[in-house]
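Scroll down for the structure; my scribbles are underneath it.
In what follows, residues are counted from 1 in the order of the sequence shown. When reading the values below, keep in mind they use all heavy atoms of this one structure, side chains included, and skip hydrogens, waters and symmetry mates.
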Amino acid sequence: MSDSENFDDIIPTPEGGGEEVHVPARARSRKAGRGAAGRRAARTGGGPGESHTYIKRKIPVYEVLNEEALALIEANADKILEEIGIEFREDEEALRMWREAGAMVEGERVRFPKGLCRELLKTAPSIFTQHARNPERSVQIGGDATVFAPVYGPPFVRDLEGERRYATIEDFRNFVKLAYMAPAMHHSGGTVCEPVDVPVNKRHLDMVYSHIKYSDKPFMGSVTAPERAEDTISMAKIVFGEEFVDNNCVVINLINANSPMTFDGTMLGAAKVYARAGQGCIISPFILAGAMSPVTVAGTLTQVLAEVLAGAAFTQLCRPGAPVLFGTFAASISMQSGAPTFGTPEPSLVSYGAAQLARRLGLPFRTGGSLCGSKVPDAQAAHESANTINMTLLAGTNFALHSAGWLEGGLVSSYEKFMIDVDQLGMMQAMSQGVDISENGQALDAIAEVGPGSHYLGCAHTQANFQTAFYRSTVADNNSYEQWLAEGESRVESRANKLCRQWLDQYEAPALDEEIDTKLLAFIEDKKNSMPDAFT
């Protein structure tokens with residue numbers, strides 16, 4: 001069977017994603033979570049059950065900058081690009097490309113004539129679809145869509161026995177399974193933890209395979225070396241077919257600026273591979289304000305915009321029309337200890353402002369998540385994460401990395417925190433739908449039936465709506481004090497631990513075509529056999 005055969009269904013892209021596309025039948029998988037589990041998920045938002053589609057926001061965005069402030073920040077960013085410049089390190093090809101595009105290159109420093117980056121970005125799509133191997137799980141990136149993706153990057157895990165230890169490939173698979181089962185998690189993510197028991201030069205193969213094998217949601221590719229990005233593209237072509245991958249986005253990838261005002265050779269190499277393959281790049285300045293940007297919100301926003309303009313425009317030099325996101329990871333540091341801090345007001349203001357700048361630029365936006373600096377899933381973790389995830393939704397974020405599982409400033413992926421966070425994501429999904437003003441939502445029949453001085457518990461409207469009227473948390477305890485005592489005085493971490501074990505026990509893998517699986521395993525074996533193990 002050739003890569004282009006058996007395209008037997010025409011699947012419309014998500015709303016706003018453009019024309020219909022043919023999706024390879026071999027790449028599709030069965031639906032998961034039908035029946036009672038699916039109905040429970042619809043009521044609670046907590047699963048495991050049938051996955052929700054990506055969020056289509058019906059509430060307005062929250063904006064913190066007026067027109068004067070936005071224009072000022074844009075003008076200052078243009079001044080940075082023209083007068084200070086951005087360094088493109090360890091990549092002679094990138095420097096040559098910029099020189100040919102009309103930029104001024106001195107050594108590794110690139111200075112940009114006013115308007116050059118914005119002109120290049122006219123070819124970048126404001127909305128695009130990232131396709132999943134199950135078309136029902138494909139997501140819209142941009143517009144009124146919000147997509148939640150899990151934690152990314154931690155080398156450690158806090159496991160279900162309460163131990164903080166280095167992550168393994170088994171942990172990686174477990175987090176992929178949990179993200180697959182979480183109804184309000186729309187994406188499988190990327191490096192959900194760093195499996196240190198697998199050689200550095202080979203682990204990306206097992207990681208990408210895990211996303212394909214154990215989930216049918218969209219996923220992220222490897223960016224730790226250009227050749228690993230190439231391997232991701234090759235594996236995607238096995239799943240979707242070469243022609244489909246060339247014409248559609250099937251992986252999205254995190255390209256961090258090495259702030260301040262620097263892109264290094266590793267990130268540039270990965271960006272070139274993905275952009276030239278027509279795959280999505282998230283250009284994200286990694287900001288710890290006070291260390292990697294100025295201590296002020298406006299100064300940080302100015303630097304972020306300059307870095308994104310340069311990095312995003314570079315993707316269009318690689319391939320005009322390649323999908324690219326305006327990203328930012330915004331945190332601050334303690335001026336006493338130098339440690340990163342999360343859930344504080346200033347990074348939220350940066351993210352709100354960056355979202356406005358992204359919309360003005362016409363690019364999809366990435367920020368936020370469920371960030372915290374706490375070492376365990378305690379009250380500090382809860383309030384810092386709540387501050388961040390609420391901002392994420394209200395800012396109008398299109399792609400939200402680190403939406404569940406983040407602990408200890410991103411050093412740890414926590415099983416218990418993951419379960420607590422996905423419960424919050426279900427709440428965000430419900431919040432995003434705004435106020436129902438249909439006839440049922442107005443509830444005049446209920447008000448007329450009950451009248452003054454009575455109650456609504458037994459009226460027809462309540463009976464018809466009670467199953468879906470309010471979000472039901474999967475981890476909160478809302479019983480009486482006496483019942484809580486009788487049930488063992490369980491804390492939220494304990495309830496999350498129990499729920500996580502239940503999910504992993506109940507996990508069933510989505511179907512994957514045997515021919516695809518065989519080809520993927522053969523590709524992985526050949527690649528691993530072609531090089532010795534390397535742990536650095």
Open item on the list: Checking E67 against R360 for the salt bridge (charged side-chain N to carboxylate O under 4.0 Å, His left out) test, could you report, in this order, the C-alpha distance in whole Å, the side-chain angles of both residues, the deciding distance, and whether it holds?
Closed with: CA-CA 11 Å; E67 175 62 31; R360 286 164 69 91; 2.8 Å; yes
Side chain of [X], backbone of [Y]: donor and acceptor closer than 3.5 Å?
{"X": "Q130", "Y": "V250", "result": "yes"}
{"X": "Q279", "Y": "V273", "result": "no"}
{"X": "T262", "Y": "P260", "result": "yes"}
{"X": "N256", "Y": "F286", "result": "no"}
{"X": "N398", "Y": "G143", "result": "yes"}
{"X": "T129", "Y": "H131", "result": "no"}
{"X": "H186", "Y": "F148", "result": "yes"}
{"X": "D423", "Y": "T474", "result": "yes"}
{"X": "T315", "Y": "G311", "result": "no"}
{"X": "Q316", "Y": "C117", "result": "no"}

Nearest 0.5 Å, what's the [atom1]-[atom2] distance between [X] and [Y]?
{"X": "L363", "Y": "L357", "atom1": "CG", "atom2": "CG", "result": "11.0 Å"}
{"X": "R173", "Y": "Y209", "atom1": "CZ", "atom2": "OH", "result": "9.0 Å"}
{"X": "S259", "Y": "I287", "atom1": "OG", "atom2": "CD1", "result": "3.5 Å"}
{"X": "M207", "Y": "M220", "atom1": "CE", "atom2": "CE", "result": "10.5 Å"}
{"X": "K58", "Y": "M431", "atom1": "NZ", "atom2": "CE", "result": "14.5 Å"}
{"X": "I333", "Y": "L288", "atom1": "CD1", "atom2": "CG", "result": "7.0 Å"}

Open item on the list: Quick one, H461 with N440, criterion side chain to side chain contact (heavy atoms under 4.5 Å, CB included). Give me CA distance, side-chain angles, the key distance, then yes/no.
Closed with: CA-CA 8 Å; H461 185 270; N440 183 68; 3.2 Å; yes
Where do [X] and [Y] come nearest, in terms of heavy atoms and distance?
{"X": "I282", "Y": "G327", "value": "CG2-CA, 4.2 Å"}
{"X": "R319", "Y": "G278", "value": "NH1-N, 3.4 Å"}
{"X": "A179", "Y": "M185", "value": "O-CB, 3.7 Å"}
{"X": "V295", "Y": "G290", "value": "CG1-CA, 3.7 Å"}
{"X": "P377", "Y": "E416", "value": "CG-OE1, 3.7 Å"}
{"X": "Q380", "Y": "S374", "value": "NE2-N, 3.6 Å"}

If you define the side chain from C-beta out and look only at heavy atoms, does anything of [X] sit under 4.5 Å from [Y]?
{"X": "I283", "Y": "F263", "value": "yes"}
{"X": "P347", "Y": "M391", "value": "no"}
{"X": "R228", "Y": "V223", "value": "no"}
{"X": "L305", "Y": "L309", "value": "yes"}
{"X": "S284", "Y": "L254", "value": "yes"}
{"X": "I59", "Y": "L393", "value": "yes"}
{"X": "L65", "Y": "L301", "value": "yes"}
{"X": "I80", "Y": "T302", "value": "yes"}

- [ ] Mind telling me whether H402 and F329 have parallel, tilted or perpendicular rings, with 30° and 60° as the class edges?
- [x] perpendicular
- [ ] Check the pair S351, T367 against side chain to side chain donor-acceptor pair (under 3.5 Å), reporting the backbone distance first and the verdict last.
- [x] CA-CA 7 Å; S351 293; T367 196; 3.0 Å; yes
Pair [X] and [Y], ring centroids less than 6.0 Å apart:
{"X": "H211", "Y": "F172", "answer": "yes"}
{"X": "W406", "Y": "Y152", "answer": "no"}
{"X": "Y214", "Y": "Y180", "answer": "no"}

TODO: Considering only NZ, NE, NH1 and NH2 on the basic side and carboxylate oxygens on the acidic side, decide whether K237 and E243 come within less than 4.0 Å.
DONE: no
Open item on the list: What I want to find out is whether K79 reaches E74 closely enough, with some N-O distance under 4.0 Å, to be called a salt bridge.
Closed with: no
TODO: Please assess Y507 against N174 for the test side chain to side chain contact (heavy atoms under 4.5 Å, CB included), listing each intermediate value before the final yes or no.
DONE: CA-CA 10 Å; Y507 170 80; N174 283 341; over 6 Å; no
Any donor-acceptor N or O pair under 3.5 Å, side chains [X], [Y]:
{"X": "R57", "Y": "T146", "value": "yes"}
{"X": "S385", "Y": "S370", "value": "no"}
{"X": "D436", "Y": "S438", "value": "yes"}
{"X": "Y274", "Y": "T232", "value": "yes"}

Open item on the list: If you apply the rule side chain to side chain contact (heavy atoms under 4.5 Å, CB included), what do you find for K177 with Q506, and how did you get there?
Closed with: CA-CA 10 Å; K177 293 174 183 178; Q506 296 170 19; over 6 Å; no
Task: Trace of the ring pair (Phe, Tyr, Trp, His ring centres under 6.0 Å) decision for H187 with Y54 - done: CA-CA 9 Å; H187 203 279; Y54 63 88; over 10 Å; no
- [ ] Name all residues meeting the side-chain hydrogen bond (donor to acceptor under 3.5 Å, both in side chains) criterion together with T341; count only those two or more places apart in sequence or in a different chain, and write none if there are none.
- [x] S332
- [ ] With salt bridge (charged side-chain N to carboxylate O under 4.0 Å, His left out) as the test, would you mind laying out the steps for D216 and R133 before giving the verdict?
- [x] CA-CA 6 Å; D216 61 3; R133 68 180 182 89; 5.5 Å; no
Task: Worked check of side chain to side chain contact (heavy atoms under 4.5 Å, CB included) between F365 and F399 - done: CA-CA 6 Å; F365 180 62; F399 188 82; over 6 Å; no
TODO: Under the ring pair (Phe, Tyr, Trp, His ring centres under 6.0 Å) rule, what do F418 and F175 come out as? Steps first, then yes or no, please.
DONE: CA-CA 9 Å; F418 191 96; F175 281 110; 5.8 Å; yes
